[in-house]
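All values reported here derive from a predicted model rather than from experimental measurement. Note on naming: letters A, B, ... go to the chains in the order of the sequence lines (proteins, then strands), and numbering restarts at 1 for each one.
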Amino acid sequence: MTAIDQITTPARRRSWQSVTLWAGIILVSLHVIVGLLTLVWTPYDPSAMAGGRLEAPSWLHWVGTDRLGRDFLTQIMIGSRIALTVGIGAVAIGAAIGVTLGLLAAFASKFLDDALAAALDILIAFPTLLIAMLVVAASETATLGSAILALGIALSAIVARLTRILAKRVLLMDYITAARTSGTSWLGIVFSHVLPNIWPTLSVSFALQFGLAAIAEASLSYLGLGAPPPNASWGRLLQEAQGTVYTAPIGAIAPGIALVSLVIGINLLADGLRDSIDPTRRAR
Amino acid sequence: MSLLTIENLSIATSQTTLVSGVNLTIAPGERVGLIGESGSGKSLTAMAATGLLAPGITAKGSVILGDTQVIGASERKLNTLRGRVAAFVFQEPLTALDPLMRVDRQIAEPIQRHAPHRLSRDAVHAAVLKLMHDVALPDPERIARAYPHEISGGQRQRIAIAMALACEPQLLIADEPTTALDVTTQAEILALLDRLVRERNMALLFISHDLPVVATIVDRVVVLRHGEIVEAGPIASVFGAPQHDYTKSLVSAAHAFDAALGGTP
Ligand SMILES: Nc1ncnc2c1ncn2[C@@H]1O[C@H](COP(=O)(O)OP(=O)(O)O)[C@@H](O)[C@H]1O
Ligand SMILES: [Mg+2]
């Protein structure tokens, strides 16, 4: 077996894996550090006029100012916190609902399983963003909480379908039968065999969905359905920069780079994590 | 009183009957072989003994394991019998182990589940090593920390046997336990099963499609074909004077194989 591992995981691929993993770790921790920092310190008061309108980048305002003279860097930094909050919150809600539903479907009678599978397929046919917009529209006012809930519910369908398929595949394995023949209850099987075996794939998908949620949150905010001011979401910054994109392009470029770097960082991290979680793929 | 009494067992899906009219009893300490070609219903019969049929497959008749009627019993009731009264060893040792769980934890699970009270970590570890020693695993400390893909097929099968023994069953059901192994390992595993069954006074239900393999380890055989029993009796009489055409063909195939190898017929 070790011989085969060496064929499928040659040294070059292994070192490349760790490069991407580290790139992911660095990008994500940068956002995490900046996001946490904004809880205690920002360069300027985010809602105060800190300079002239639409100033170009300078030593005082590294990314310039917006059309109301507010410091851009401050808002982008707060955007990191908002994006992380929404991503973590939405994925947590999506995972809690989705994993539970998916496992129920996998263990359920054929009739209930078919019904759940069909419902999930229909839900997934709608774009995540559309579902989230409907949920936000259903709640009275758009808040950070409603955006998180909306995205969490939208993601839960994806998680549930993936969980159901993965769990069903694991349930067919001989080691499940072996556990059953030694008297393990269904609950015991879920916790000691099903969840650990679907976890590597699920956690990668959670990371991808974290990226999806960050983008969807930006889109909601862009459409005015996200967290209201003073929450400086990158989506709202993009929307505000729209009118001045030719005269002050930095206003659109900077939040764009922030969003992309977070999403790419998360994806790199996910790839690297999958290889280190799964011992049959772990580089040795 | 016998350990397992199967009377007039039929197993069917909504479309077809897969097993019908099977009778089989195993007394404590007795060794019985269940033979038949692939698809003849051996595994289904064995799984029905502990009430573990796939959804959509139903069993009729009577299956008494220990002192419990298995057919119609609740899952909770059956879970107390599984492992403790009857434990299984399967054909494919790689897939019978959880690929993501270290070997010691897999053996520890049934030990902890069937223990009358909570065991300390050291007690569990000691019990795991004892079982690994019983199934003659070399270097148990190292293998205990390994993942299934890091050890050989024969070693995996020994782990699977250790897991079955962990519950101290009265009946060991071995479903083609040597089929996936090479000839040398096959002989080792057979010898191991023979020794363990003897030392621990277990009954054995040994399932195989291979008459010569079965003959070395059991006292009595039941021959299954297309889900029905075609012949049953002590190994010597079935081997020496087969009654049914199908059994005759099995025996002569075995003799022909021996002759081809230059062994005694
Ligand atoms: N879950 C199932 N659904 C439908 N048919 C099955 C199922 N499991 C086994 N069978 C059928 O039952 C027959 C006996 O299977 P099995 O007991 O596994 O045979 P074997 O003697 O090789 O162990 C086979 O024809 C098989 O196709
Ligand atoms: Mg079989």
Side-chain angles (χ1 to χ4, degrees), chain A residues 1-9 105-114 166-204 273-284, chain B residues 43 46-47 49-56 75-102 105-114 146-153 156 159-160 163-167 169 172-173 175 180:
Chain A
M1 266 322 204
T2 32
I4 291 177
D5 281 349
Q6 275 154 12
I7 294 166
T8 54
T9 318
F107 280 92
S109 65
K110 184 158 166 29
F111 175 77
L112 187 61
D113 178 36
D114 286 349
L166 292 173
K168 288 199 109 163
R169 210 171 56 193
V170 170
L171 287 177
L172 291 178
M173 296 293 177
D174 287 351
Y175 56 87
I176 299 294
T177 313
R180 300 268 291 134
T181 62
S182 76
T184 316
S185 64
W186 280 122
L187 213 58
I189 285 180
V190 166
F191 283 105
S192 56
H193 298 293
V194 177
L195 282 177
N197 272 284
I198 67 178
W199 184 249
T201 315
L202 271 189
S203 61
V204 172
L273 279 184
R274 180 189 44 206
D275 294 328
S276 60
I277 289 176
D278 184 347
T280 58
R281 300 174 57 124
R282 190 180 295 161
R284 264 172 301 130
Chain B
S43 297
M47 295 303 272
T50 55
L52 269 174
L53 292 171
E75 277 296 297
R76 177 186 277 275
K77 178 112 207 191
L78 290 173
N79 273 339
T80 64
L81 300 177
R82 292 174 186 150
R84 206 170 45 77
V85 180
F88 279 80
V89 176
F90 292 100
Q91 171 173 345
E92 192 45 74
L94 180 57
T95 55
L97 300 178
D98 187 330
L100 297 191
M101 207 189 266
R102 288 185 202 276
R105 268 199 59 209
Q106 313 216 27
I107 303 178
E109 264 204 357
I111 295 176
Q112 283 164 318
R113 193 150 21 76
H114 287 272
Y147 286 97
H149 72 278
E150 298 171 333
I151 58 179
S152 76
R156 279 181 218 128
I159 302 288
M163 287 167 68
L165 296 181
C167 314
L172 187 66
I173 300 177
D175 190 348

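With hydrogens and angles ignored, the 3.5 Å screen pairs no side-chain donor or acceptor of B/Arg113 with any backbone N or O of A/Gly188. With hydrogens and angles disregarded, no donor-acceptor distance shorter than 3.5 Å links the side chain of B/His114 to the backbone of A/Gly183.
Summarising the geometry of A/His193 relative to B/Asp98, their closest heavy-atom pair is ND1-OD2, 2.7 Å, with the distance given to 0.1 Å. For the pair B/Ala96 and A/Tyr175, the tightest heavy-atom approach, listed with the atom from each and the gap, is O-CB, 3.4 Å. Of all heavy-atom pairs between A/Ser185 and B/Asn79, the closest is CA-ND2, 3.7 Å.
In terms of non-hydrogen atom pairs under 4.5 Å with chain A, the most contact-rich of B/Thr80, B/Leu81, B/Leu52 is B/Leu52.
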Q | Stepwise side chain to side chain contact (heavy atoms under 4.5 Å, CB included) test for B/Glu109 and A/Ser192 | A | CA-CA 9 Å; B/Glu109 264 204 357; A/Ser192 56; 2.8 Å; yes
Q: Assess whether side chain to side chain contact (heavy atoms under 4.5 Å, CB included) is satisfied between B/Phe90 and A/Thr181, documenting all intermediate values.
A: CA-CA 10 Å; B/Phe90 292 100; A/Thr181 62; 3.8 Å; yes
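Within the model, atoms OG1 of A/Thr184 and CZ of B/Arg82 stand 9.5 Å from one another, a figure rounded to the nearest 0.5 Å. Once rounded to the nearest 0.5 Å, the distance linking CH2 of A/Trp186 with CD of B/Glu75 reads 7.5 Å. Taking CE of A/Met173 as the reference point, atom CG of B/Leu97 lies at 13.0 Å (rounded to 0.5 Å).
Only the backbone of B/Ala86 has a heavy atom closer than 4.5 Å to any heavy atom of chain A. Using a 4.5 Å cut-off between heavy atoms, B/Met163 makes no contact with chain A at all.
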